[in-house]
Amino acid sequence: MPLTEAKPDASASALRHLICDPEMAFLMEAHNAISARIAGEAGFKALWASSLTISASMGLRDANELTWTESLDLVSAMVDTVDIPVLMDADSGYGDFNILSRFVRKACGRGVAGICIEDKLFPKINSFAPVKQTLADIGEFSHKISAAKDNQTKDDFLVVARTEAFVTGAGMDAALERANAYVDAGADAVLVQSKKSVPDELVAFGNAWDRDVPLIAVPTTYPDVCAETLQNAGVTNIIWANHSMRASIEAMRNVTKALFDQRSSAKISHNIASIEDIFELTDMKDLLVAGEEQRAGQQDD
Ligand code: SPV
Ligand code: MG
């Protein structure tokens, strides 16, 4: 029984529509407003607000070093700058069901269209960190999903349950048991994480998954897989979880090194974005037009 009366919301509906549509959808990682704008410009219909890359953008580790309020502030900057919905990576829910409940109410209020929570402990650490990971208790995590659903203040707000069963080595039976329990608890979609270099775990899971609930894959460690392979196994959504950040690190490093070594921008200035591009991405033109209108209005007075 929802604790709060949920209201319609266009952004949450758009995300729900995209994720629940049987046609394959792709979400693009963003870690700040400019990367969000660039993803929208490329044509992506939804964003993944990645805990890994948002943490990295602040020089922090993906290990709950950012508080949830800090994370939400950073995600809000993306939400405010694009007209496509944002699915926020909410780690393991920032604490127990009660903390998560408050977070969900705040996230709804800040324009987040959906969240993804993973069945690890708090504080969590990134799935690819070379460390032994521990799964949350299945009953406790299921209760967190119900609590998240009960506290959403927007009708179509999406709660994605992510299982780390494969990441922890718990295997297929555990992955299926957990995904089923999370759907029973109210999850709107299931994300299955794998850190293998081939997509075998996702393909096997997809073939065994018989619930009519969207299945999401994050092909970071198995980058060579093509969308069709995952789609044929029943995966309906793909998240490019970190590529914008990785691309920008590489580009910044190359240009910074060249400037340092060459003491001149002659060789690089044509390979980087122009100042006009920055103006374009931040709607400078709108401000100039508004300024002109304001001046014209003052002259008429
Ligand atoms: C993230 O982008 O922060 C994720 C996905 O959680 S991953 O890093 O692939 O676990
Ligand atoms: Mg994450």
Side-chain angles (χ1 to χ4, degrees), residues 19 26-32 35-36 39 44 46-68 70-72 74-75 78 86-95 100 103 107 112-136 141 144 148 158-170 175 178-179 182 187 189-199 201-202 205 215-225 230 235 237-249:
I19 298 276
F26 297 85
L27 281 75
M28 181 66 199
E29 170 260 329
H31 48 274
N32 57 17
S35 57
F44 281 96
L47 300 179
W48 168 248
S50 154
S51 68
L52 172 67
T53 66
I54 291 173
S55 301
S57 75
M58 302 303 287
L60 295 173
R61 292 164 287 219
D62 184 21
N64 286 127
E65 290 183 340
L66 277 173
T67 65
W68 72 253
E70 288 174 320
S71 298
L72 193 50
L74 293 163
V75 173
M78 301 186 217
V86 177
L87 175 63
M88 180 172 174
D89 174 3
D91 293 330
S92 54
Y94 309 115
L100 176 62
F103 164 75
V112 172
I115 58 162
C116 175
I117 52 171
E118 63 200 59
D119 55 0
K120 291 206 300 249
L121 305 179
F122 176 86
K124 73 85 200 252
I125 191 158
N126 185 270
S127 303
F128 306 136
V131 65
K132 188 173 159 26
Q133 303 270 7
T134 307
L135 286 172
F141 192 75
K144 279 166 77 168
L158 208 78
V159 175
V160 178
R162 159 173 165 176
T163 184
E164 297 280 289
F166 288 122
V167 170
T168 58
R178 282 173 172 269
Y182 303 157
V190 167
L191 188 159
V192 176
Q193 182 63 307
S194 169
K195 57 178 185 178
K196 283 238 154 69
S197 57
V198 287
E201 289 174 333
L202 259 292
F205 181 93
L215 179 58
I216 306 175
V218 184
T220 295
T221 55
Y222 46 99
D224 298 335
V225 71
L230 293 172
V235 171
N237 298 274
I238 286 179
I239 295 178
W240 305 123
N242 41 54
H243 301 76
S244 192
M245 169 57 82
R246 287 163 63 193
S248 60
I249 290 173

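All values reported here derive from a predicted model rather than from experimental measurement. Atoms within each ligand, like the ligands themselves, are counted from 1 in listed order.
Of all protein heavy atoms, the one lying nearest to atom 2 (O) of ligand 1 is Ser50 OG, 2.7 Å. Protein heavy atom in closest approach to atom 7 (S) of ligand 1: Gln193 NE2, 3.4 Å. Counting only heavy atoms of the protein, atom 8 (O) of ligand 1 lies nearest to Asn126 ND2, 3.0 Å.
One of the N, O or S atoms belonging to Ser51 lies under 2.8 Å away from the Mg ion (ligand 2).
Residue contacts with ligand 1: Ser51 is placed with a nitrogen or oxygen under 3.5 Å of a nitrogen or oxygen of the ligand (distance criterion only). Every N/O-N/O distance between Phe128 and ligand 1 stays at or above 3.5 Å.
Looking only at atom types and distance, the side chain of Thr163 has a donor-acceptor partner in the side chain of Asp119 under 3.5 Å away. Looking at Ser51 and Asp91, their side chains do bring a donor and an acceptor atom within 3.5 Å of each other. In summary, the side chains of Ser92 and Lys144 do not present any donor paired with an acceptor at a separation below 3.5 Å, with no hydrogens or angles considered. The closest side-chain donor-acceptor pair between Gln133 and Ser127, if any, does not fall under 3.5 angstrom.
Using 4.0 Å as the threshold, Asp89 has a heavy atom nearer than that to some atom of ligand 1.
Residue Ala241 has at least one heavy-atom neighbour below 4.0 Å for each of these atoms of ligand 1: 2 (O).
Remark: side-chain polar atoms of Lys195 are not paired, donor with acceptor, to backbone N or O of Thr221 under 3.5 angstrom. Remark: the backbone N or O of Arg61 is paired with a side-chain donor or acceptor of Glu65 at under 3.5 angstrom.
Proximity of Thr53 to ligand 1, defined as any heavy-atom pair under 4.0 Å, is not found for any part of the residue.
Considering only heavy atoms from C-beta on, Thr220 stays 4.5 Å or farther from Glu29 through its side chain.
Atom 5 (C) of ligand 1 has its nearest heavy-atom neighbour, among Arg162, Met245, Glu164, Glu29, in Arg162.
Applying the ring-ring contact (aromatic ring centres under 6.0 Å, His included) test to Phe103 and every residue at least two apart in sequence or in another chain returns Trp68, Tyr94.
When distances from the Mg ion (ligand 2) to the N, O or S atoms of Asp89 are compared, OD2 comes out shortest.
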